[in-house]
There are 2 protein chains.
Amino acid sequence: MYQRNTIQRTIILQAVKRLQNHPTADEVYAEVVKEHPSISRTTVYRNLQQLDEAGFISIRKIPGCADRYDHICANHYHVRCINCGRVADVDMEYIPDMQSRIKDGHGFVFIKHDLIFQGICLECQKQGSKEGKEESK
Amino acid sequence: MYQRNTIQRTIILQAVKRLQNHPTADEVYAEVVKEHPSISRTTVYRNLQQLDEAGFISIRKIPGCADRYDHICANHYHVRCINCGRVADVDMEYIPDMQSRIKDGHGFVFIKHDLIFQGICLECQKQGSKEGKEESK
DNA sequence: TTTCTATTGATATTATATTGCAATAAGAAT
DNA sequence: ATTCTTATTGCAATATAATATCAATAGAAA
């Protein structure tokens with residue numbers, strides 16, 4: 001756990017709270033470097049992880065793309081656009097006891113679960129999926 | 001789609017079918033290089049992707065670790081050990097209409113979903129989680 | 001046998017993330 | 001206010017996973 005609230009940590013947290021669209025570490029870096037041009041990418045990566053550990057933000061590991069950082073920490077589900085990579089929340093009831101549906105878990109102790117939808121976002125539908133900024137990996 | 005069934009493609013497919021534990025591309029490489037010492041890692045990556053596209057195996061993108069290759073193509077759910085990285089199937093009914101539970105999908109067209117559990121496998125429980133071969137990222 | 005081209009394998013590159021370490025800066029102690 | 005202490009930063013290097021480029025090769029077809 002970290003000890004001090006530095007300028008860097010403060011503006012990184014503010015950036016995640018301002019950018020509400022599940023930014024990647026690099027997108028957070030691009031945002032904070034405007035305000036604090038000397039900040040290092042390493043510091044952004046490091047502080048995002050520390051802010052996650054401290055419970056102020058939540059890291060979201062989405063299959064097939066860079067980690068996203070979420071200003072909302074409560075458990076919820078996400079959808080990823082397979083054309084442009086955009087990640088959004090879905091409004092769906094969280095199922096805390098999902099693991100109770102498992103008949104055979106091969107001796108695993110279950111801790112949590114992630115449910116990630118894949119689809120095409122509204123913008124990419126409009127553009128006929130022609131010029132997405134990212135291909136699905 | 002590929003045109004020819006090369007030696008390399010054949011032994012890569014056999015390796016995935018033999019290694020039933022959701023191997024990574026590197027683990028498949030380690031297996032096939034025993035039989036075919038001159039094979040290139042690139043060829044393994046490339047063929048695994050082509051075999052996935054051709055429907056003979058299935059790529060599984062698990063958050064926070066390297067892609068796994070599955071000899072079973074039918075939709076099902078997985079659990080990952082956060083200590084050693086092992087990926088296993090869970091025996092649980094597949095829910096094809098999961099997206100029907102979404103109240104607001106923000107205009108996304110939904111295509112598929114992935115449900116991934118995280119937990120501790122039997123082996124890591126026995127070892128008291130002391131010497132896992134991989135830390136959770 | 002010769003031609004044609006899919007495929008391979010070596011190398012380089014990209015993307016994402018982490019580690020090591022010297023320099024810095026922010027509190028605490030004096 | 002000055003010094004001390006150490007958490008933190010930022011640079012550079014490294015790690016890992018995956019992909020791109022391209023000349024050489026192999027194998028089917030003519």
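Every chain is numbered from 1, with letters handed out A, B, ... down the list of sequences.
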*Below 4.0 angstrom from OP1 or OP2 of C:dA6, is there any side-chain N or O of B:Asn5?*
no

*Look at all strands and tell whether B:Thr24 reaches a base, only sugar-phosphate, or nothing, counting heavy atoms closer than 4.0 Å.*
nothing

*For the side chain of A:Thr42, starting at C-beta, report the closest nucleotide among C:dT19, C:dG9, C:dT16.*
C:dT19

*Give one of base, sugar-phosphate or nothing for A:Asp26, where a contact means two heavy atoms less than 4.0 Å apart.*
nothing

*More than 12 foreign heavy atoms under 6.0 Å from CZ of A:Phe110: is that the case here?*
yes

*OP1 or OP2 of C:dT7 sitting under 4.0 Å from any side-chain N/O of B:Thr6?*
no

*Using a cut-off of strictly less than 4.0 Å, decide whether A:Gln3 has a side-chain nitrogen or oxygen near OP1 or OP2 of C:dG27.*
no

_Please confirm whether the shortest side-chain N or O distance from A:Ser40 to OP1 or OP2 of D:dT9 is below 4.0 Å._
no

*Give B:Gln50 one of three labels, base, sugar-phosphate or nothing, depending on what nucleic acid heavy atoms sit under 4.0 Å from its own.*
nothing

*Spacing between B:Arg60 atom CZ and D:dA17 atom C1', to the nearest angstrom*: 20 Å

_Counting primed atoms plus P, OP1 and OP2 as sugar-phosphate and everything else as base, spell out the protein contacts along nucleotides 22-30 of chain D at 4.0 Å heavy-atom distance: B, S or - for each nucleotide, 5' to 3'._
-----B---

_A:Tyr45 vs C:dT18: side-chain N/O to OP1/OP2 distance below 4.0 Å_ = no

